[in-house]
Amino acid sequence: QATYDVTELQDKWRPIWEKLEPFKAGQRDGAEKRYALTMFPYPSGDLHMGHAEVTALHDVIARYWWLKGYDVLNPIGWDSFGLPAENAAIKRNENPAGWTYANIETQAESFKRYGISFDWSRRLHTSDPEYYKWTQWIFLKLYEAGLAYRKKSPVNWCPNDQTVLANEQVVNGECERCGAVVTKRDLTQWYFRTTAYAEELYNGLDQLQDTWIGKVVNMQRNWIGRSEGAHVDFEISLTDGTKKSVTVFTTRPDTLYGATFMVVAADADLAAEIVAPDRAAALEGYLEDVRKASDIDRLATDRPKTGVDLGVTATNPVNGEQIPVWAADYVLADYGTGAVMAVPAHDQRDLDFAKAFSLPVRRVVDVPGADNPEETYVATAGDGAYVNSPMLEGVADKASGIHKIIEKLEAEGHGKGTINYRLRDWLLSRQRYWGAPIPIVHCPVDGEVPVPDDQLPVKLPDLAGADLKPKGVSPLAAASEWVNVSCPKCGGPATRDSDTMDTFVDSSWYFLRYLTPNDETQAFDSKLASEWGPVDFYLGGDEHAVLHLMYARFFTKALRDIGLIDWDEPFSAYLSQGKVINGGKKMSKSLGNGVNLSDVLEEFGVDATRLTLVFASPPEDNIDWADVSPAGSVKFLQRAWRLAGDVTSSPGADVAGGDVALRRTTHKTIAEAEQLIESYRFNVVVARVMELVNATRKAIDSGVGPADPAVREAAETVAILLSLVAPYTAEEMWERLGHEPTVARVAWPTPLPELLVEDVVTAVVQIKGKVRARLEVSPSISETDLEAAALADPTIAAAIEGQTVRKVIVRAPKLVNIVV
Ligand code: ANZ
């Protein structure tokens with residue numbers, strides 16, 4: 001082939017690779033295993049620039065590992081259940097299945113053309129009954145272990161999608177998907193007990209700190225939200241004469257003497273339990289308003305405080321003082337214990353509340369330099385001298401104060417030190433059709449009954465033609481033939497649970513299913529999980545920081561405790577890639593700045609597109625499409641390709657006598673590329689390959705000549721390194737250089753140590769023309785560096801001491817003459 005035609009190359013090599021199947025995992029006997037994972041796509045439409053970027057970046061690692069001799073698992077599948085598919089289907093008046101699977105085919109075809117080194121034999125779709133059978137099975141395992149349960153509570157409700165949302169899916173009070181303002185509803189829902197692992201999920205982040213690149217570790221820390229503090233018990237005297245102990249969570253037990261009232265969440269059951277009869281109607285009225293507010297609003301400090309006096313009092317355990325008990329919305333029902341001891345002097349929200357309802361304020365910490373909050377209504381949070389606190393006067397600091405109070409509470413049985421986590425249990429039921437049905441039957445006699453294993457999967461009924469529009473109740477509830485079943489336990493009439501699982505359940509274990517995607521006998525093979533897992537490298541987006549990336553960690557810990565896997569964390573290394581933007585802005589329909597991937601591929605070809613995306617920036621940075629040059633990438637690939645045609649020595653020619661300068665460049669490039677890839681500097685690898693191409697071209701054109709075996713060595717190295725980003729061009733080069741396919745499975749070249757040592761030359765240092773020292777320096781040393789080295793030499797420094805240097809003449813790398 002005389003001209004570089006990338007479309008021709010694509011058409012030529014794709015069928016050959018498909019026949020060779022070079023990327024099947026588990027076929028390299030005895031080799032160390034490496035698991036490379038990239039977040040599997042939602043099948044919404046064809047692939048877009050984001051997919052192109054992630055997979056191009058990810059492929060650098062996966063292909064590099066093959067070249068390095070590992071047995072590599074790099075699978076692909078589709079996260080094919082969920083709201084996006086269902087909403088799109090409703091809009092188009094189609095069946096979600098039809099729409100989903102058509103898109104999957106389109107995307108699969110695009111990925112194949114895009115030349116990603118996936119092991120296609122492991123393809124999976126989470127919406128296949130063969131897959132979700134095991135999602136249901138795992139749900140039941142968690143249920144058996146007490147890690148899945150059903151409860152009634154106020155939940156996040158998206159009025160637009162007409163479904164509940166997990167806390168993680170509510171962003172700034174809005175639905176993560178559609179942006180509607182999320183409200184609260186009292187509903188009976190299924191939860192996974194993520195809080196059982198709050199501590200381990202939190203502490204486990206320490207071990208991921210260095211290998212999870214980006215913000216995710218900190219985002220998870222904040223999300224799990226660890227607070228050290230105490231539980232303090234207050235006795236409440238109810239109006240019927242009985243007493244009830246109520247526990248509050250506080251991070252400042254040392255301010256207990258300043259607690260002048262108590263506040264319970266208005267929507268907690270406790271409020272209704274303790275309210276005095278003559279205040280019940282007021283509470284009820286207030287509650288109606290509270291339900292409309294989002295958590296974010298409720299916690300906002302700048303919001304006018306509202307509340308209701310519950311007409312009862314509580315006893316402060318340190319001083320026996322009777323304090324009034326209020327209900328308010330700024331205390332959340334599902335954080336801590338849902339009740340607080342209000343210390344208005346040192347907590348601004350309590351202070352605002354005290355001011356609004358004329359409740360007493362008592363300062364217990366005198367913060368130096370701060371005004372008295374009793375007068376200013378500005379709460380103080382800092383350290384200072386304790387006042388009005390008989391037990392704590394003279395105690396030096398906050399830490400000791402907290403310690404002392406906790407000791408006293410524990411000794412008297414009025415409380416204890418504790419750690420509270422912000423993390424909530426994961427609400428997993430969805431009132432929508434396109435998801436894995438929850439495999440539980442509700443029986444009037446036996447209650448919740450798990451569907452027996454041999455009746456799994458509980459298949460989604462075909463609701464062809466049914467109205468799937470969100471109505472607040474799952475469309476499955478209306479499928480009477482499907483819903484009405486006999487109880488697996490007693491055989492009597494019963495009904496299926498009609499909710500489906502959050503799609504994040506499907507993706508919490510897919511990396512395990514890839515090990516044996518077609519196994520009909522088990523969810524995954526524990527032995528293989530032990531051999532392949534955990535995932536060695538995971539690439540994906542930050543948008544999943546507290547969703548998928550946390551849920552998968554939770555599943556891993558639960559499955560470990562159930563005895564199915566033997567590791568603690570699913571992803572040993574993680575990298576968040578940046579986004580492809582255009583003209584400084586996120587691509588969007590409304591801005592009209594979207595870049596269509598298939599147009600780009602059509603115009604520049606696969607290799608140039610991939611190369612452009614990898615070369616544009618470090619993987620974690622955004623790529624501005626307005627700043628890159630795919631046309632430049634085409635030109636570079638053409639230059640590389642031409643090298644292969646110019647080489648005239650035969651394959652295997654002895655390179656030992658080849659041009660040393662070119663060989664040094666080649667071997668240095670290999671050594672550097674290795675380090676750069678391992679530190680995810682893929683863009684710099686491309687830059688180094690470009691330099692090697694230039695050096696090789698120069699050698700060919702300037703005397704070394706095309707017959708020198710060093711030229712062949714350089715060109716072959718270019719082909720091998722280029723195969724990480726531009727597989728079609730690299731394969732073609734490899735063939736032109738006289739080799740069989742595929743370059744993707746050759747051995748990574750070993751750089752020769754003797755070619756890596758820097759050359760040195762001797763520089764002479766003179767003082768007024770007399771040689772006074774000799775320095776060993778690099779031939780490429782700059783004039784400034786050479787001058788500095790000469791002046792720093794001890795002999796020279798001693799010789800010129802006390803004299804004025806009038807002039808320094810530098811001729812790098814050989815000579816320095818100092819005039820004093
Ligand atoms: C008394 C106190 C005095 C408090 C003081 C703070 C300062 P973090 O750090 O976020 O865990 N709190 C407890 N439960 C609450 C709930 N359900 N809704 C709203 N607020 C709640 O915050 C813990 C502090 O937030 C607790 O410590 C409690 O107020 C409040 F000078 O107790 B503190």
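Note that these values count all heavy atoms, side chains included, but never hydrogens, waters or copies made by symmetry. Counting convention: from 1, in listed order, for ligands and their atoms alike.
- For atom 3 (C) of ligand 1, the candidate residues are D254, T255, D350, V263; the nearest heavy-atom contact is made by T255.
- Looking only at protein heavy atoms, the nearest one to atom 18 (N) of ligand 1 is L332 N, 2.9 Å.
- Aromatic ring orientation, F511 versus W567: tilted (interplanar angle from 30° to 60°).
- H544 NE2: more than 12 foreign heavy atoms inside a 6.0 Å radius.
- Between W190 and H442, the ring planes are tilted. Angles from 30° to 60° get that label.
- Protein heavy atom at the shortest distance from atom 29 (O) of ligand 1 is D347 OD2, 4.0 Å.
- Counting atoms of ligand 1 from 1 in the listed order, those under 4.0 Å from a heavy atom of S227 are 8 (P), 9 (O), 11 (O).
- The 12-atom threshold is exceeded at CG of D186, counting heavy atoms of other residues, nucleotides or ligands nearer than 6.0 Å.
- Of the protein's non-hydrogen atoms, the one nearest atom 19 (C) of ligand 1 is Y330 O, 3.5 Å.
- With Y42 as the aromatic partner, R177 meets the cation-pi criteria of under 6.0 angstrom to the ring centre and within 45 degrees of the ring axis.
- Atom 14 (N) of ligand 1 has its closest protein heavy atom at V340 CG1, 3.5 Å.
- Atoms of ligand 1 lying under 4.0 Å from any heavy atom of V343, numbered from 1 in the order shown and given with element: 1 (C), 3 (C).
- Atom 28 (C) of ligand 1 has its closest protein heavy atom at F249 O, 3.7 Å.
- When all heavy atoms are compared, the tightest approach of F234 to N316 is CE2-CA, 3.8 Å.
- The closest protein non-hydrogen atom to atom 32 (O) of ligand 1 is T250 OG1, 2.7 Å.
- Between F571 and H548, the two ring planes are tilted [angle within 30° to 60°].
- Regarding atom 10 (O) of ligand 1, its nearest protein heavy-atom neighbour is Y335 OH, 3.4 Å.
- Counting heavy atoms of neighbouring residues, nucleotides and ligands inside a 6.0 Å radius, atom NZ of K586 does not exceed 12 of them.
- Not a single heavy atom of N420 sits under 4.0 Å from any atom of ligand 1.
- Residue G336 places no heavy atom under 4.0 Å from ligand 1.
- The protein atom (non-hydrogen) at minimum distance from atom 27 (O) of ligand 1 is T251 N, 3.0 Å.
- Ring-plane geometry between Y574 and W212 is classed as tilted, the angle between the planes lying from 30 to 60 degrees on a 0 to 90 degree scale.
- Those atoms of ligand 1 with a heavy atom of H346 less than 4.0 angstrom away are 5 (C), 7 (C), 31 (F).
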